[in-house]
Engineer: 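This is the structure I want to talk about, given as structure tokens.
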Amino acid sequence: MRDEDKPEIRKLALFRDMSPDNFETLMQAAYAHAFPAQLEMIRQGEPADFLHIVMEGTVELFSGWRDRETTMAVVRPVSTFILAACIKDAPYLMSARTVEKSRIIMIPAKDLRATFRIDPEFAVSTITELANCYRSVVRHAKGLKLRNSKERVAAYICRQSRLAGNVASFILPVEKRLLASYLGMTPENLSRAIKSLQSDGVAVDGMRIIITDLKALEAIAGPDALIDGPSTEMPGANLADMQMDGMQRKTN
């Protein structure tokens, strides 16, 4: 593990308020590993042995059942996954694979749990992070269940624009295949939904999305704080909360 990694990890809300001594002890137990692209790092159902911190690259979190598979989240630097399973000492509910060559810091789950018991500030940060993740999952489930495919895509575009500072144009932060899976549709349905929005304020140029009429787009999306959430309430590993520069937002 590089010494220059520590300040970036320390900035994460999960580690920001814990005692310096406990942080250093936790980092001493951690190590870095470089993974090639398209490598399955963890598999759902396996014991949660490590908390992973993405320092470089991209990791897809996904789940499968029978012959079906769905994207749950996409993680970019600098972000952690999967915290809940590590704290609970339970099996992973999701699998993880690299989208591109990635460098990951791995912290043993047993050391994480030990620190949770002795450092009250770290414990509070952990609970806050897990609460944010839970609320994000509820919001995402509401979006899937209450919005049709066109409305989901419109809401995603509006949210991405807002997260990037209300920009009128941005590059999709992930390939359309992953975005379609996250939004609960096939790539073909995603393409059709985006095309259908061209008469409602959206233009497309490859991976670039251009908002030509925000009011018309919002009329389709129906922005709702109880579904889309405030920007201050975002967990580390959530595809919908990725910054437009391709970097994962650090939790505030």
Engineer: Is atom CG of L93 surrounded by more than 12 heavy atoms (other residues, nucleotides or ligands) closer than 6.0 Å?
Structural biologist: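 No.
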Engineer: Only counting residues at least two apart or in another chain, list the ones meeting side-chain contact (heavy atoms from CB on, under 4.5 Å) with A96.
Structural biologist: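 For A96 the side-chain contact (heavy atoms from CB on, under 4.5 Å) partners, ignoring immediate neighbours, are I42, V59, L61, F81.
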Engineer: Got a sec, which pairs hit ring pair (Phe, Tyr, Trp, His ring centres under 6.0 Å) with one end in residues 16-43, sequence neighbours left out?
Structural biologist: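 As it turns out, the ring pair (Phe, Tyr, Trp, His ring centres under 6.0 Å) pairs with a partner in residues 16-43, which skip direct neighbours, are Y31-F50, H33-F35.
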Engineer: For the hydrophobic clusters of this structure (ILVMFWY residues joined by side-chain heavy atoms under 4.5 Å, transitively), does one cluster hold both F62 and L83?
Structural biologist: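 Looking at the clustering, L83 is in a separate group from F62.
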Engineer: Who are the salt bridge (charged side-chain N to carboxylate O under 4.0 Å, His left out) partners of D111, not counting sequence neighbours?
Structural biologist: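 Checked D111 against salt bridge (charged side-chain N to carboxylate O under 4.0 Å, His left out); zero matches.
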Engineer: Among all residues two or more places apart in sequence or in another chain, which pass the side-chain contact (heavy atoms from CB on, under 4.5 Å) test with R192?
Structural biologist: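 Testing R192 for side-chain contact (heavy atoms from CB on, under 4.5 Å), a comparison that skips the adjacent residues, returns E188, N189.
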Engineer: Tell me every residue that passes salt bridge (charged side-chain N to carboxylate O under 4.0 Å, His left out) with R117, counting only those two or more places apart in sequence or in another chain.
Structural biologist: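 For R117 there are no salt bridge (charged side-chain N to carboxylate O under 4.0 Å, His left out) partners, ignoring immediate neighbours.
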Engineer: Residues sharing Y134's hydrophobic cluster, by side-chain heavy-atom contacts under 4.5 Å among ILVMFWY, directly or via others?
Structural biologist: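 Once heavy-atom contacts under 4.5 Å are chained together, Y134 belongs with V138.
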Engineer: Which residue pairs pass the salt bridge (charged side-chain N to carboxylate O under 4.0 Å, His left out) test with at least one member in residues 198-225, sequence neighbours excluded?
Structural biologist: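 Sorted result for residues 198-225: K150-D200.
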Engineer: What residues join I210 in its hydrophobic cluster, counting side-chain heavy atom gaps under 4.5 Å, either direct or through other members?
Structural biologist: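 None, because no other hydrophobic side chain comes under 4.5 Å of this residue.
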Engineer: Name all residues meeting the side-chain contact (heavy atoms from CB on, under 4.5 Å) criterion together with L146; count only those two or more places apart in sequence or in a different chain, and write none if there are none.
Structural biologist: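 Scan of L146 (side-chain contact (heavy atoms from CB on, under 4.5 Å), adjacent residues dropped) gives K142, I227.
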Engineer: In chain order, what residues pass the side-chain contact (heavy atoms from CB on, under 4.5 Å) check against D119, with sequence neighbours excluded?
Structural biologist: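 D119 satisfies side-chain contact (heavy atoms from CB on, under 4.5 Å) with M18, S19, N22, T115, E121, F122 once adjacent residues are dropped.
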Engineer: Got a sec, which pairs hit salt bridge (charged side-chain N to carboxylate O under 4.0 Å, His left out) with one end in residues 30-46, sequence neighbours left out?
Structural biologist: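 Qualifying pairs, neighbours excluded: E40-R43.
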Engineer: List in chain and number order the residues that pass salt bridge (charged side-chain N to carboxylate O under 4.0 Å, His left out) with K88, two or more places apart in sequence or in another chain; answer none if no residue qualifies.
Structural biologist: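 Testing K88 for salt bridge (charged side-chain N to carboxylate O under 4.0 Å, His left out), a comparison that skips the adjacent residues, returns none.
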Engineer: Which pair of heavy atoms, one from P173 and one from Q160, lies closest together, and at what distance?
Structural biologist: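 Between these two residues, the closest heavy atoms are CG-NE2, 3.3 Å.
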